[in-house]
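Reading through the structure tokens given below for one structure.
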Amino acid sequence: MELKQDVKNQFHLEIPSYSENVQFARTAVALFASQLEFNLDDLDDLKVAVSEAVSNAVIHAYRKTVGLVSISGTLYDDAVEIVIEDAGCGIADLDRARQATFSTAPDRMGLGLTFIEELMDKVKIESEANRGTHVSMTKVLSPVKAGK
Amino acid sequence: MELTMRRVGTSLVVALDGEFDLHTAGDFRAEVDAVLNEDDPPQHLILDLKEVSFVDSSGIGAILGRYKALAGRGGKMVVVGLTTHVRRVFELSGMFKLMQEAQSEKDALKAVGGSH
């Protein structure tokens with residue numbers, strides 16, 4: 001197979017929406033990203049962001065059933081892009097969901113999307129009712145991240 | 001995630017070992033709540049996080065839930081042994097507005113003013 005021109009590496013995983021798989025997903029992504037010279041803090045941030053997105057899919061996407069969550073990663077020279085996707089119920093009100101502390105699940109903090117946006121350099125979230133949710137997040141490798 | 005609990009005076013010291021996320025938060029809630037709902041429950045909670053290698057908002061949410069249960073009856077929560085990563089997640093979630101960090105279990109016990 002041939003990768004696109006500026007792509008150094010890529011992966012694609014599909015896992016059932018079990019909570020056990022959240023750790024597996026974030027650890028796999030961190031290992032993949034460590035092929036670039038990210039420092040440990042950046043890898044920890046990436047693990048949290050992935051953990052939040054996959055946890056969201058596990059908690060919300062398929063309600064009381066189990067469905068598939070796909071996680072893919074693309075490694076560029078200076079960045080890693082991770083996409084987490086499900087074919088579940090979708091986010092009814094994305095603007096509201098992005099507000100810190102809003103959650104449709106009882107006893108939850110509602111900070112997942114806030115963390116993702118805080119910890120990653122670029123985030124895109126698309127969702128459609130009954131079609132699913134697509135979260136794309138990018139961490140850029142930077143030699144100097146002064147003040148961050 | 002492994003959990004060990006000890007009563008020290010009016011405090012419950014809970015030491016966690018492992019990764020604190022959606023999957024492990026449930027057991028943490030259940031085990032700590034079982035003690036908090038006993039007949040003579042501890043008033044304060046000291047969370048020893050030095051062996052916690054990962055935490056996300058699910059873990060923070062579980063900690064916050066126990067904090068609210070304690071605060072409701074005048075108790076305090078103090079955390080000990082935060083790694084750089086865990087401290088960052090605490091800062092991002094505003095947890096230090098609610099609870100303080102101590103350098104050791106001894107300092108944490110002093111901070112809650114528990115007798116021992």
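Small disclaimer: the values here were computed from a predicted structure and weren't measured. Below, chain A is the first sequence line, B the second, and so on; all start at residue 1.
Annotation for Glu14(A): atom CD counts as buried by contact number, over 12 foreign heavy atoms lying within 6.0 Å. Environment of CZ in Arg7(B): crowded, with over 12 heavy atoms of neighbouring residues, nucleotides or ligands closer than 6.0 Å.
Ile84(A) and Leu94(A) fall within the same hydrophobic cluster, where Ile, Leu, Val, Met, Phe, Trp and Tyr residues are linked whenever their side-chain heavy atoms come under 4.5 Å apart, directly or through other members. Cluster annotation: Leu31(A) and Val7(A) are assigned to distinct hydrophobic clusters (Ile/Leu/Val/Met/Phe/Trp/Tyr, side-chain heavy-atom contacts under 4.5 Å, transitive). Side-chain heavy atoms closer than 4.5 Å link hydrophobic residues (I, L, V, M, F, W, Y) into clusters, and following such links, even through other members, never connects Val83(A) to Val22(A). Cluster membership for Leu49(B) and Phe96(B), using ILVMFWY side-chain heavy atoms within less than 4.5 angstrom, is shared.
Among Asp44(A), Val48(A), Thr27(A), the one residue that satisfies the side chain to side chain contact (heavy atoms under 4.5 Å, CB included) test with Phe54(B) is Val48(A).
In terms of modelled atom types and a separation under 3.5 Å, the side chain of Glu20(A) and the main chain of His23(B) share no donor-acceptor contact.
Contact annotation for Asp45(A): only side-chain heavy atoms (C-beta onward) come within less than 4.5 Å of a heavy atom of chain B. Looking at Val54(A), there are no atoms closer than 4.5 Å to chain B (heavy atoms on both sides), in backbone or side chain. If you measure heavy-atom distances from Thr84(B) to chain A, the contacts under 4.5 Å come from the side chain alone. Heavy atoms closer than 4.5 Å to chain A are found in both the backbone and the side chain of Leu92(B).
Nearest heavy atom pair, residue Val89(B) against residue Phe115(A), reads CG1-CE2, 3.7 Å. Smallest separation of non-hydrogen atoms from Leu22(B) and Val58(A): CD2-CG1, 3.6 Å.
For Tyr76(A), the ring pair (Phe, Tyr, Trp, His ring centres under 6.0 Å) test picks out no residue, with sequence neighbours left out. Here Tyr62(A) pairs with nothing under the ring pair (Phe, Tyr, Trp, His ring centres under 6.0 Å) rule; sequence neighbours left out.
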Go through the steps to decide whether Leu119(A) and Arg88(B) satisfy the test side chain to side chain contact (heavy atoms under 4.5 Å, CB included), and finish with yes or no.
CA-CA 10 Å; Leu119(A) 297 171; Arg88(B) 177 148 165 73; 3.3 Å; yes

Walk me through whether Arg26(A) and Asp21(B) qualify under salt bridge (charged side-chain N to carboxylate O under 4.0 Å, His left out).
CA-CA 11 Å; Arg26(A) 65 174 179 259; Asp21(B) 68 1; 2.8 Å; yes

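With rounding to the nearest 0.5 Å, the separation of NZ in Lys47(A) from OG in Ser53(B) is 6.5 Å.
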